[in-house]
Amino acid sequence: MGLLAIIRKQKMKDQEVRVLLLGLDSAGKTTIINNLMGKDPMKVSPTMGFQINTLPWKGYSLNIWDIGGQSSLRSFWGNYFDRLDVVVWVVDAVSTLKLEELYLELREKVIKQDQLQGTCFVVLVNKIDLVSENDRDAVASEIKKALLLEHELSATRYTIRAVLGYTGEGLPGAMDWIVENCGNLL
Ligand SMILES: Nc1nc2c(ncn2[C@@H]2O[C@H](COP(=O)(O)OP(=O)(O)OP(=O)(O)O)[C@@H](O)[C@H]2O)c(=O)[nH]1
Ligand SMILES: [Mg+2]
């Protein structure tokens, strides 16, 4: 049996899902992971490298890599793409409309990478407390448009959800989607 086959077999046995948390700096990645891990979501500082957390979720073990999003760190993102099951892309709900160009660049860096063929994508539109309820659908469709998600990915491979890192609103549903839709890819 080849090495890759052995790794996959072990992953299936452990129900292990490897998740990369990406996004621009200050999008709220660490706040979200702190909330999920039961740590204080209000106590965060910019992530200078990465940190790994293991979140047990419905019989699966989600290994979540929280990577710093500052521009100087973005060129290292590709180092984490190996053997990845899910990319969770966190977007700040109030900085989306003016950042279309940047998101296009990120789309090239992440969604279109060969190594990520077969990977699931979850877009979390965070900080929805800062957007009025009437505007939330418009923000989500702007992001979908900027990332050309519908053109690049089949509907079963991505989801886009509004969340609130501070309170955790929307996060359990996103984790459920991951284990239901990406768990069977292992
Ligand atoms: N209003 C609001 N602010 C939030 C929310 N989630 C996070 N923040 C704030 O956004 C800022 C950045 O949060 P972080 O979690 O450090 O962001 P990050 O994406 O990990 O940033 P880097 O580590 O630099 O990549 C902090 O001041 C958070 O308190 C939210 O749901 N609502
Ligand atoms: Mg961080």
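Whatever order the structure lists them in is the order used to number ligands and atoms, beginning at 1.
Summarising the geometry, atom CD1 belonging to Ile52 is positioned 11.0 Å from atom CD1 belonging to Ile33; distances are rounded to the nearest 0.5 Å. Residue Thr30 holds its OG1 atom at 12.5 Å from CG of Asn35, rounded to the nearest 0.5 Å. Between the OG1 atom in Thr159 and the CG atom in Asn181 there is a gap of 8.0 Å [rounded to 0.5 Å].
The shortest distance between side-chain heavy atoms of Phe121 and Leu116 falls below 4.5 Å. Side-chain contact check for Ile64 versus Val88: every heavy-atom pair is 4.5 Å or farther apart. Side-chain contact between Tyr158 and Lys144 is present, with heavy atoms from C-beta onward closer than 4.5 Å.
Of the protein's non-hydrogen atoms, Thr31 OG1, 3.5 Å is the one closest to atom 13 (O) of ligand 1. Counting protein heavy atoms only, atom 19 (O) of ligand 1 is closest to Lys29 NZ, 2.7 Å. Protein heavy atom closest to atom 24 (O) of ligand 1, with residue, atom name and distance, is Asp25 CB, 3.5 Å. Annotation: atom 9 (C) of ligand 1 to nearest protein heavy atom, Tyr166 OH, 3.6 Å. Among all protein heavy atoms, the one lying closest to atom 6 (N) of ligand 1 is Asn126 ND2, 3.2 Å. Looking only at heavy atoms of the protein, atom 21 (O) of ligand 1 is closest to Ser26 N, 2.9 Å. Among all protein heavy atoms, the one lying closest to atom 31 (O) of ligand 1 is Gly165 N, 3.0 Å.
Residues that satisfy the salt bridge (Lys or Arg N to Asp or Glu O under 4.0 Å) test with Asp25, not counting sequence neighbours, are Arg74. In this view, Leu73 and Gln70 satisfy the side chain to side chain contact (heavy atoms under 4.5 Å, CB included) rule, not counting sequence neighbours.
Nearest approach of Ala27 to Asn126, heavy atoms of both residues: O-ND2, 3.0 Å. The nearest pair of heavy atoms linking Pro41 to Tyr166 is CG-O, 3.6 Å.
Heavy atoms of Thr30 found under 4.0 angstrom from ligand 1 belong to the backbone as well as the side chain. Of the heavy atoms in Val90, none comes closer than 4.0 Å to ligand 1. At a heavy-atom cutoff of 4.0 Å, ligand 1 is contacted by no atom of Val163, backbone or side chain.
The shortest N or O to N or O distance between Leu130 and ligand 1 is not below 3.5 Å. Here's the thing with Gln70: none of its N/O atoms is less than 3.5 angstrom from an N/O atom of ligand 1. In terms of N/O distances under 3.5 Å, ligand 1 is not approached by Val44. For the pair Gly28 and ligand 1, the shortest N or O to N or O distance falls below 3.5 Å. Distances between N or O atoms of Asp129 and those of ligand 1 include at least one value under 3.5 Å. Taking only nitrogen or oxygen atoms, main chain and side chain alike, Asp66 does not reach within less than 3.5 Å of ligand 1.
Ligand 1 does not have Gly23 within reach: every non-hydrogen atom of the residue lies 4.0 Å or more from it.
The aromatic rings of Phe50 and Trp65 lie parallel to each other, their planes meeting at an angle below 30°, with 60° marking the opposite boundary.
Closest to atom 25 (O) of ligand 1 by heavy atom, among Gly49, Gly69, Pro41, Pro46, is Gly69.
Angle subtended at the Mg ion (ligand 2) by Thr47 OG1 and Thr30 OG1: 90°, rounded to 10 degrees.
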